[in-house]
Participant: 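Pasting in a structure now, in structure tokens, and then I'll have a few things to ask.
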Amino acid sequence: MSEFEYIVVGLGGIGSAALYAASCTGKRVLGIDRFPEAHAYGSSHGVTRIIRTAYFEHPNYVALAQDSISMWREIEAVSGRHLMKQCGLLQVGSASGSVIQGVRRSVDQHGLDVELLDTDESSRRFPGFKVRNDEIAIYEPTAGYLLVEDCIRTHLELATNKGGYVDCSATVESWDVLDDGRVCVTTDKETYLTKYLILAVGAWSLRFLAPLKLNMKIKRKPQFWFDLPLKNRQAFADAPCFLFDTDDGCYYGFPWIDDVGLKIAEHSGGHEITQPELIDREFAEHELARITRFLRERFPGLPFEFKHHSVCMYTMSPDEHFFIDRHPDFGQVVFAAGLSGHGFKFAPLLGTYLVSLCKGLKDSRMSFLSLQR
């Protein structure tokens, strides 16, 4: 029976980063996933994810986001790969809406460098984006996007370069803590022993952490890509990421990326599911209709054409903040769960923190993400 210092279960955004952080300790480490690396069956796929610091969800995320940007730059330097583009982010909504109010709280508390734009200034700076007269826009120039699958592959490659082992073809069936304190991890192929177990299993957290009764919900979240005529592509290639908090929902999107297209999705809403393996990944006309209606209203005259879609999942905590903590009964087991659709940007920071948690080392900045909150 093989034995490791660390075993990481789930090799998506957070798990792949945790595996790399564990491999940097020089100890024997193993990462396990039931699907191939950078797969499209969980929450971390779809080419791009927004990275930002003017955080509307809570000002406590700001310092964590700032550190994460620095860590992504370090990963880029170590790997020699370009993983992040800081093209800016335009957040639009009513002055009394939760997004704009939340952004302003973070900006005021942390003195962030953003620009507050009225309708006329928004139209001048970002032609083609329709901001209503009763809305304001906040532009964050240092925000941008991460290339999701490339980030995961890079973390896994760096981990294996450090001597880590990766098995992306095994299903973990159970884990148990033995009398001597070691953790026994049983897969459909083999059984392993480890000193520390890190669980980063996304929508499968409900199963792996069932006794904790975290009251999380899984939501089905479609993503859509559109084509543009050649004459329109450059304007959108130079555009920032965007997020619109509208009366009809909260929508976000990205600049035009060659060979990818224009990606748009809805952050709000989502159909609740109970079994991630059985999620419906088929195209739904009514979901596309919501996105195209948003496009027509906010980018009037844009000759977009639907290309394709994919489906991912949000694992929602009750307050939409993460759960990052040690297992209350087994300190040698740590986990990240309930990232609620805004966790990927923090991957290198959270991965490193999970490894620290294994040794009982806590960061006070993360206390609002603990089970005791």
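Everything numeric here is computed off the predicted structure, so don't read it as measured data.
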Participant: Are Phe299 and Phe129, when compared by the centres of their aromatic rings, separated by less than 6.0 Å?
Facilitator: yes

Participant: Apply the test salt bridge (Lys or Arg N to Asp or Glu O under 4.0 Å) to residues Arg298 and Glu135: give CA-CA distance (whole Å), side-chain angles for both, the deciding distance (0.1 Å), then the verdict.
Facilitator: CA-CA 12 Å; Arg298 297 301 182 150; Glu135 295 175 326; 2.7 Å; yes

Participant: Using salt bridge (Lys or Arg N to Asp or Glu O under 4.0 Å) as the criterion, list what pairs up with Arg290, not counting sequence neighbours.
Facilitator: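 Applying salt bridge (Lys or Arg N to Asp or Glu O under 4.0 Å) to Arg290 gives Asp248, Glu266.
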
Participant: Indicate whether the side chain of Lys189 and that of Ser169 have a donor and an acceptor atom separated by less than 3.5 Å.
Facilitator: yes

Participant: If only atom types and distance count, is the side chain of Gln86 paired as donor or acceptor with the main-chain N or O of Thr142 below 3.5 Å?
Facilitator: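 Pair found, side chain donor or acceptor close to backbone of Thr142.
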
Participant: If the threshold is 4.0 Å, N to carboxylate O, is there a salt bridge linking Arg132 and Glu297?
Facilitator: no

Participant: Which donor-acceptor pairs under 3.5 Å do side chains of residues 96-110 form with protein atoms, sequence neighbours excluded?
Facilitator:
from: Ser96; atom 1: OG; to: Ser94; atom 2: OG; distance (Å): 3.0
from: Ser106; atom 1: OG; to: Tyr55; atom 2: O; distance (Å): 2.5
from: His110; atom 1: NE2; to: Pro59; atom 2: O; distance (Å): 2.9

Participant: Taking the six-membered ring for Trp, are Phe224 and Phe226 parallel (under 30°), tilted (30 to 60°) or perpendicular (over 60°)?
Facilitator: tilted

Participant: With Arg34, which residues qualify under salt bridge (Lys or Arg N to Asp or Glu O under 4.0 Å), at least two apart?
Facilitator: Glu277

Participant: Sequence neighbours left out, what passes ring-ring contact (aromatic ring centres under 6.0 Å, His included) with Trp256? Give chain and number order.
Facilitator: none

Participant: On a heavy-atom basis, which atom in Ser205 and which in Ala337 lie closest, and how many Å separate them?
Facilitator: OG-CB, 3.6 Å

Participant: Just jot down the salt bridge (Lys or Arg N to Asp or Glu O under 4.0 Å) partners of Asp319, sequence neighbours excluded, or say none.
Facilitator: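 Expected list: Arg373.
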
Participant: Tell me whether Lys221 forms a cation-pi arrangement with Tyr314, defined as NZ or CZ under 6.0 Å from the six-membered ring centre and within 45 degrees of its axis.
Facilitator: yes

Participant: Report the residues that fulfil salt bridge (Lys or Arg N to Asp or Glu O under 4.0 Å) with Glu76, sequence neighbours left out, ordered by chain and then residue number.
Facilitator: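 Glu76: salt bridge (Lys or Arg N to Asp or Glu O under 4.0 Å) contacts with Arg73.
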
Participant: I'd like to know if the side chain of Lys195 reaches the main chain of Glu3, judged simply by a donor and an acceptor atom lying under 3.5 Å from each other, with no hydrogens or angles considered.
Facilitator: no

Participant: Is a side-chain donor-acceptor pair under 3.5 Å present for Thr53 with Glu140?
Facilitator: yes

Participant: Going by the angle between their ring planes, with limits at 30° and 60°, are His321 and His342 parallel, tilted or perpendicular?
Facilitator: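 Because their plane-to-plane angle is over 60°, the rings of His321 and His342 count as perpendicular.
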
Participant: Tell me if a side-chain donor or acceptor on Arg49 pairs with a main-chain N or O of Gly343 at a distance below 3.5 Å.
Facilitator: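 No, the answer is negative, given that no donor and acceptor are paired below the 3.5 Å cut-off.
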
